[in-house]
Structure formats: structure tokens, C-alpha cells
Amino acid sequence: MKKNKLLIIQSDPFGYLTDSLKWCEYLKEKYEVTVICQNTKKEKPTTNGFHVKYLKSFGNRQMRGLLFVIQCLLNIALFKGTILIIYFEHCNIFKLIFPWKKMIVDIRTLSISPNFKLRQEADVQLAKDIQTFDKISIISLKLAKRLSIPANCKTPIYELPLGADIIEFQNKDYSQLKLLYVGALFGRDIDKTIIGVSAFLKKHPDTTLEYTVIGKERHNEIHDLKQLTRKLGIESYINFIPGLPHSQLTEYFKSCNIGVSFIPMTEYYNFQPPTKTFEYILAGMICLATNTESNKDIITTQNGILHNDTAEDFANALEYVSAHISDYNPHAIQNSLTNYSWKNIVNNILVPIIET
């Protein structure tokens with residue numbers, strides 16, 4: 001049977017964004033999917049069943065951006081089918097030049113700049129850019145409320161949430177505490193979790209504990225965090241690993257039993273849904289999550305515990321989980337979020353957005 005065609009455009013290299021990678025893995029059964037994106041010198045993910053075109057890239061940032069847009073326009077001109085664009089600034093140029101082509105714009109994040117003025121300018125620009133498209137999908141309707149979208153904007157808005165794969169496991173070993181943090185290390189205050197672990201170990205020196213931190217660096221954060229562990233005398237408890245491709249994380253999700261979703265409790269992170277909260281829980285891990293509005297929508301007494309973004313509160317949350325660890329059931333934890341499996345999100349939410 002002939003499949004309908006779907007073109008996905010993203011400015012980041014394919015694989016950097018877990019969402020589009022997972023969309024393609026499940027959309028390929030129903031659509032002939034092509035992704036166009038920036039090139040990368042890093043290892044490229046496997047793309048069985050769909051096609052990824054890495055566009056040529058050279059020169060400074062402005063030159064690379066202009067070259068990317070020109071190549072996208074050429075691909076759009078020759079494409080016949082639905083186009084899904086993962087938002088980047090001024091991407092509305094595609095719809096302005098090809099107003100007759102069906103285009104959906106998807107928003108995975110609003111600005112998370114610590115600078116209020118820059119954050120406000122970026123969000124205003126985003127709200128302006130997206131109005132030209134046929135449909136808007138966004139990671140959370142709570143984020144949509146933060147945008148100043150004019151009341152006369154007729155473009156329908158759909159919630160297209162984050163998700164995770166359901167990771168199969170036999171059971172979880174709760175004889176020791178095995179913590180895992182996966183994510184960015186810059187601007188996330190992960191040092192507070194290390195200080196919290198140190199405080200916990202001082203109270204419980206006989207506890208068997210391992211903390212694995214897998215993080216993307218920007219300014220040699222791992223070096224600084226290692227220095228902190230040496231200063232605290234807990235370097236033997238914490239293992240640092242530079243950022244890994246998503247395909248290499250499964251073994252850690254299987255072997256660890258506590259996921260650390262430490263997101264600073266700021267205005268710009270408050271409503272931003274956290275990918276790793278979903279991934280930890282759908283791997284059957286107890287989730288230690290900061291008390292953001294988005295985490296409040298996910299965390300229950302069944303699957304984790306909320307705490308404030310301080311070292312002391314993190315230590316207290318770890319203390320509670322350690323004392324009550326036998327009360328948690330990894331399969332019940334996993335079942336609490338099965339609606340957020342990528343397969344369910346694609347088949348029951350994304351496909352209807354594309355087809356309506």
C-alpha cells in the first residue's frame with residue numbers, strides 16, 4: 001500500500017532531539033518519512049525505514065543558518081506531502097514562500113535564557129512566527145499560555161507531549177541505592193545533588209550507594225563536579241560519564257533504581273516538561289524530582305517524590321526513599337505513565353494532528 005509522504009525539518013542534527021527520533025521510528029509504519037537537518041561530525045543514529053538528509057554546512061553561524069534555510073526551501077519546493085517543522089527562529093519563511101503547502105509547526109521548548117529580556121524577546125518572536133502555519137503542536141498547553149498569541153490567531157493548537165520508551169526489565173534490585181542523572185550539566189545545579197548525597201552519606205555511612213551522572217558539558221562541568229566530590233570525600237560513590245547517544249542509555253535505565261530529575265525551580269523551567277522524568281519512570285525507576293509545575297503533573301506517591309531545588313531537600317528526599325524503598329513496586333511505577341509511551345503518543349496524538 002502506498003504511504004503518504006511526511007517531511008520533518010529540524011535545525012539540530014538528527015538524534016540530538018529524542019522526540020523526532022522516536023516519532024520517525026513509529027511514523028515509518030504509516031508514512032514515507034524524510035528528515036532534513038544540519039550535518040554533524042558525531043556518530044549518526046540508525047535510520048532503518050526512514051530517510052535522513054544531512055544538509056551541507058560551513059562558514060560562520062550566520063552563513064550556516066542561511067545555507068540551511070536555502071537548502072530547506074529547495075527541498076520543500078520539490079516535496080509533495082505534509083511538512084512538520086520543529087520550530088526555530090524565523091522558520092515561518094517556509095510558509096510565507098509556500099503558503100499553499102500544508103505545514104505544521106511544533107514547539108518543543110520556549111526560551112530558557114536566564115536573561116529575562118532575551119527570554120521575552122525570543123518568546124515574542126516565536127509567537128509571531130508560528131501564526132502563519134496551518135497547525136501548531138506544542139509540548140504543553142501550559143507553555144502555550146505563556147506565549148502572547150493574539151486572540152485573533154485562527155491557527156489551531158494541539159498538545160503533543162513528551163514521552164519515553166517502555167523499557168522491559170525482570171525486576172529492580174533494591175539492596176543498594178543506584179542513582180542516575182542523565183541530561184545537561186550546564187545551568188542545572190547538579191552540584192546540589194552531589195552535596196545532598198554527601199549529607200545523606202554522613203548520616204548513613206554504611207549505605208551502599210552509587211550515583212551515575214551522564215551529562216552534556218558546555219564549560220568543563222564534569223571537571224568541576226569531580227573536584228567537588230574530592231572536596232567532600234565521596235569520589236568513590238559517584239561516576240561521571242560524558243553525554244552518550246540515547247541508544248546507549250538503556251543499560252543504565254535497567255540497572256539503576258532511582259532517577260534524578262533535578263531541574264532548577266525558575267520561571268523559565270517551571271512549565272517545561274522534563275524528558276528524563278518520563279524516561280526514569282517508564283524504566284521502573286523511583287523518581288526524585290524537583291517541585292516544578294511540570295513535575296507536579298507527573299510525580300505521584302506511587303512513582304517518586306517531589307522536593308525543592310536545594311541540597312538539603314534533595315538529601316531529605318533521598319532519606320525518605322531509602323527508608324521506604326520496599327514500598328515501591330517498579331512495575332507499578334512503570335504502569336503509572338504508560339499513556340506516555342512514544343508509541344501511544346505517535347499513534348494516538350501525532351498521527352491525528354497530521355491527518356486532521
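Minimum interatomic distance between Ile8 and Cys24 (heavy atoms only, all atoms of both residues): CD1-SG, 3.9 Å. Closest heavy-atom contact between Phe314 and Thr193: CE2-O, 3.5 Å. For the pair Val182 and Tyr280, the tightest heavy-atom approach, listed with the atom from each and the gap, is N-OH, 3.0 Å. For the residue pair Gln302 and Tyr328, the shortest heavy atom distance occurs at O-CD2, 3.6 Å. Closest approach of Ala283 and Ile167 over heavy atoms only: CB-CD1, 4.0 Å. The two residues Ser113 and Ser111 have their closest heavy-atom pair at N-OG, 3.3 Å.
Counting heavy atoms from C-beta outward, Tyr54 and Cys37 have side chains that approach closer than 4.5 Å. Side-chain contact check for Asp327 versus Ile325: every heavy-atom pair is 4.5 Å or farther apart. A heavy-atom distance below 4.5 Å is found between the side chains of Leu27 and Ile354. In this structure the side chain of Asn308 reaches within 4.5 angstrom of the side chain of Met265, judged on heavy atoms.
The main-chain N or O of Arg108 is found under 3.5 Å from a side-chain atom of Gln272 such that the two form a donor-acceptor pair. No donor-acceptor distance shorter than 3.5 angstrom exists from the side chain of Asn239 to the backbone of Thr212, with no hydrogens or angles considered. Listed for the Ser255 side chain is a donor-acceptor partner under 3.5 Å among the backbone atoms of Glu251. Of the possible donor and acceptor atoms, none in the side chain of Asn220 sits under 3.5 Å from a partner among the backbone N and O of His223. Side chain of His204 to main chain of Phe200: no donor-acceptor pair is present (N/O by atom type, distance under 3.5 Å, no hydrogens or angles).
With salt bridges taken as basic N to acidic carboxylate O contacts below 4.0 Å, one links Arg119 and Glu267. Ion pairing between Lys203 and Glu319 holds under the 4.0 Å rule for side-chain N and carboxylate O. Look at Lys30 and Glu355 and you find a salt bridge, because one of the NZ, NE, NH1 or NH2 atoms lies within 4.0 Å of a carboxylate O, short of that distance. At a threshold of 4.0 Å, the pair Asp313-Lys192 does not count as salt-bridged, since none of the basic side-chain nitrogens sits closer than that to a carboxylate oxygen.
Using a 3.5 Å distance cut-off with no hydrogens or angles, the side chains of Lys178 and Thr208 do not pair a donor with an acceptor. Side chain to side chain, Thr155 and Gln131 fail the donor-acceptor criterion of an N or O pair below 3.5 Å. Counting only N and O atoms by type, the side chains of Lys56 and Asn39 include no donor and acceptor under 3.5 Å apart. Thr277 and Asn295 share a side-chain donor-acceptor pair at under 3.5 Å. No side-chain donor from either of Asn347 and Tyr26 sits under 3.5 Å from a side-chain acceptor of the other. Side-chain contact annotation: Ser137 with Asp106, donor-acceptor N/O pair under 3.5 Å present. Looking at His51 and Glu32, their side chains never bring a donor and an acceptor atom within 3.5 Å of each other. Between the side chains of Asn303 and Ser336, at least one donor N or O sits under 3.5 Å from an acceptor N or O. Between the side chains of Asn316 and Glu312, no donor-acceptor pair of N or O atoms lies under 3.5 Å.
Ring geometry for Trp100 versus Phe98: interplanar angle over 60°, hence perpendicular rather than tilted (30 to 60°).
Within 6.0 Å of CD on Glu121 lie more than 12 heavy atoms contributed by other residues, nucleotides or ligands. Few gaps surround NZ on Lys102; more than 12 heavy atoms of other groups in view lie less than 6.0 Å from it. Atom CZ of Arg218 is surrounded by 12 or fewer heavy atoms from other residues, nucleotides or ligands within 6.0 Å. Applying the 6.0 Å contact sphere to NZ of Lys101 captures more than 12 heavy atoms from other residues, nucleotides or ligands.
Phe169 carries Lys172 over the face of its six-membered ring, with the cationic atom under 6.0 Å from the centre and within 45° of the normal.
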Subject >> Pair Phe68-Phe88, ring-ring contact (aromatic ring centres under 6.0 Å, His included): steps then yes or no >> reply: CA-CA 12 Å; Phe68 176 71; Phe88 57 91; 5.6 Å; yes
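Atoms CD1 and OG, on Ile36 and Ser11 in that order, are 11.5 Å from each other to the nearest 0.5 Å. Atoms CD1 and CG, on Ile166 and Asn344 in that order, are 8.5 Å from each other to the nearest 0.5 Å.
In summary, the aromatic rings of Tyr237 and Tyr211 are positioned with their centroids too far apart to meet the 6.0 Å limit.
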